[in-house]
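This report refers to the structure that appears directly beneath it.
Side-chain atoms are counted along with the backbone in the values below, which use heavy atoms only and exclude waters and symmetry mates.
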Amino acid sequence: MSQAVPQAPDANRWRALAFIAIAQLMVVLDATIVNIAMPAAQSDLGISEGNKQWIVTAYALAFGGLLLFGGRIADLWGRKRTFVVGLGGFALASALGGAAENQAMMFGARALQGVFGALLAPAALSLLAVMFTDAKERAKAFGIYGAIAGGGGAVGLILGGFLTEYLNWRWTFFVNIPFAIIAAAGAYFVIREPEGGRNRNPLDIPGVLLSTLGLVALVYGFTRAETAGWSDSLTIGMFVASGVLLTAFVVVEAKVKAPLLPLRVITERNRGGVYLSLGLAIIGMFGLFLFLTYYLQIVKGYSPVKTGFAFLPMVAGMITGSTQIGTRLMTRVAPRLLMGPGFLVAALGMFLLTQMKVDSSYAALLLPAMLLLGLGMGTAFMPAMSMATQGVEPRDAGVASAMVNTSQQVGGAIGTALLNTIAASATTSYVKDHIAGATAQPQQQLVQLEGMVHGYTSAIWFAVGILVAASVIAFTLINAGRPNLGRGAEEGADDEVKIPVVAH
């Protein structure tokens, strides 16, 4: 397909990246910062044990269900406008969450955060995709973005710990407001979106309804499986409904004139490989965050703040992998040679964690494991984020970006439910087999802790396999050449396309 002559890069693009990065950090932080605050918020607002999951689920359903719609809105309205509206709405919803007086207000605020997050996240990534077109600059920009996307969650654990322990759980919501105001003001004055990238076709309403309902049913199915079990009739019903709705969505998208998700976005081999491998990797990672948080706090007795700091090696590894390894090699080697080995290094870190015991040393076992996990995921994330939007038509940049977020969101829901179920089942079975031999109370407590750790390591074995599968998919499906090579790259052509590099 013939390429249009590229416009001169925007002189403000690096300043724009700073504000996009602040917004991305806010969204990623929010995913983990609220987890730390949940027990205190639950107690203050009188939320029952059965309902507490809705603090997370209300957000996940709105965010996961509306992402494709949010991506299409960004292509229709313009990414800058969608980005600023998303930030404003997210700040307002965060203020409502921080001021919540009862559970209905809290759940409503979380759902509203999800709605505006679904506008904000695809707009942020698609702005990067259309503003950074030079291969080397794109590598740097996506290196920074990938480091934030990967490491921000762990930073949220530290910040959440500090705010909950030294201030109040409400500040885990209020902290979003300054982030949003700074990012929105900066974006309004600094970002100039390239012209000609809008998709002004009318909205595909059947596609919006089918995709939203299908994704909501899928995310809720996995969330419910975690609490009610996989054989629960509503859990099964949600999975069946999701399968029917998403199949109908694909059929509709193949036939309508202006589809919500043009199938060309996902059927392109490299992008399809990125969405699939990234989704699998997130399944492995999400469960791990949860297990390590519980292991450090319950088994090791760490405070929330100390737990957050314990995750810092993973953050350092992600930043190093993304900005040093990924960015430096992305214009020199094919993406699969970063993603495939990256997922394998992460799998090696995960494998070390299968050796966890009640008395395992942080320095000897957890520290190297987390460094490897961070390095591997950071190295793989960065080219994945770039590949997901590379070569896509400008009018499809929003939905292509939304698909990255959708694969992460669905992967997170699957990972939390699947790995939690495996862990809970293994723990129950271990305690049942060993509790009879423990007569004194200290022995019984030790069996309970050993059972928990046994459950975690059983689930982590599955996570190792999932990361290896992500690596295999990256090696086999993703066949693009170096980003600064021409069309012949896949066949090994060595004629470089001369792209003018604009100094910044």
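At a threshold of 4.5 Å between non-hydrogen side-chain atoms, the residues T379 and P341 do not count as touching. Side-chain contact check for I266 versus R271: every heavy-atom pair is 4.5 Å or farther apart. Counting only heavy atoms from C-beta outward, the side chains of L375 and M318 never approach each other to under 4.5 Å. The closest side-chain heavy-atom distance from V431 to Q448 is below 4.5 Å. Using a 4.5 Å heavy-atom threshold, the side chains of M377 and F343 count as touching. Side-chain contact between V468 and F351 is absent, with no heavy-atom pair separated by less than 4.5 Å. Contact annotation: the side chain of L352 approaches that of L372 to within less than 4.5 Å [non-hydrogen atoms, C-beta and beyond]. S277 is not listed as a side-chain neighbour of F475, based on a closest heavy-atom distance of 4.5 Å or more.
There is a side-chain donor-acceptor pair under 3.5 Å between T421 and W230. A donor atom on one side chain and an acceptor atom on the other are not found under 3.5 Å apart for Q42 and D44. Counted by atom type alone, Q113 and S94 present one or more donor-acceptor pairs between their side chains at under 3.5 Å.
Note: M387 CE to R336 CZ = 10.0 Å, rounded to the nearest 0.5 Å. Interatomic distance, N479 CG to N270 CG, rounded to the nearest 0.5 Å: 5.0 Å. Of the inter-residue distances, the one linking I422 atom CD1 with W461 atom CH2 reads 14.0 Å to the nearest 0.5 angstrom. Rounded to the nearest 0.5 angstrom, T212 OG1 and F249 CZ are separated by 8.5 Å. To the nearest 0.5 Å, atom CD1 of residue I283 and atom CG of residue L278 are 10.5 Å apart. Here the OG1-CZ distance, from T476 to R269, works out to 7.5 Å after rounding to the nearest 0.5 Å.
Here the closest heavy-atom approach between residue F107 and residue I47 is recorded as CZ-CG2, 4.0 Å. Taking all atoms of both residues into account, the shortest heavy-atom contact from L373 to M285 is CD2-SD, 3.8 Å. Minimum interatomic distance between M106 and I55 (heavy atoms only, all atoms of both residues): CG-CG1, 4.3 Å. Closest heavy-atom contact between L119 and G86: CB-CA, 4.3 Å. Taking both residues in full, the closest heavy atoms of T172 and W169 are given as OG1-O, 2.6 Å, listed atom of the first, atom of the second, then distance. Residues P368 and A364 share a closest heavy-atom pair of CG-O, 3.3 Å.
For the pair K306 and Y302, the distance from NZ or CZ to the six-membered ring centre is under 6.0 Å and the angle to the ring normal is within 45 degrees.
Looking only at distances, a side-chain donor or acceptor of S242 sits under 3.5 Å from a matching main-chain atom of G214. Judged by distance alone, with hydrogens and angles left aside, the side-chain atoms of H454 form no donor-acceptor pair with the main-chain N or O of E450 at under 3.5 Å. Although no hydrogens or angles enter the test, the distance criterion places no donor-acceptor pair under 3.5 Å between the side chain of R72 and the main chain of L67. Although no hydrogens or angles enter the test, the distance criterion places no donor-acceptor pair under 3.5 Å between the side chain of E268 and the main chain of V265.
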Before you tell me yes or no, could you show the steps for Y295 and F291 under ring pair (Phe, Tyr, Trp, His ring centres under 6.0 Å), namely the whole-Å CA-CA distance, both residues' side-chain angles and the distance that decides it to 0.1 Å? CA-CA 6 Å; Y295 175 77; F291 297 148; over 10 Å; no
Stepwise, does the side-chain contact (heavy atoms from CB on, under 4.5 Å) test hold for E253 with L260? CA-CA 7 Å; E253 297 308 274; L260 173 71; 3.5 Å; yes
List the steps and the verdict of side-chain contact (heavy atoms from CB on, under 4.5 Å) for V333 and L338. CA-CA 8 Å; V333 301; L338 287 172; 3.9 Å; yes
Step by step, work out the side-chain contact (heavy atoms from CB on, under 4.5 Å) result for L246 and L210. CA-CA 7 Å; L246 292 177; L210 289 169; over 6 Å; no
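Note: F116 and F90 fail the aromatic proximity criterion, with ring centroids not under 6.0 Å apart. The aromatic ring centroids of Y166 and W171 lie 6.0 Å or more from each other.
If you run side chain to side chain contact (heavy atoms under 4.5 Å, CB included) between T457 and each of M356, M452, K357, Q355, only M356 comes through.
Take R110 and apply the salt bridge (charged side-chain N to carboxylate O under 4.0 Å, His left out) test, not counting sequence neighbours, and it matches D30.
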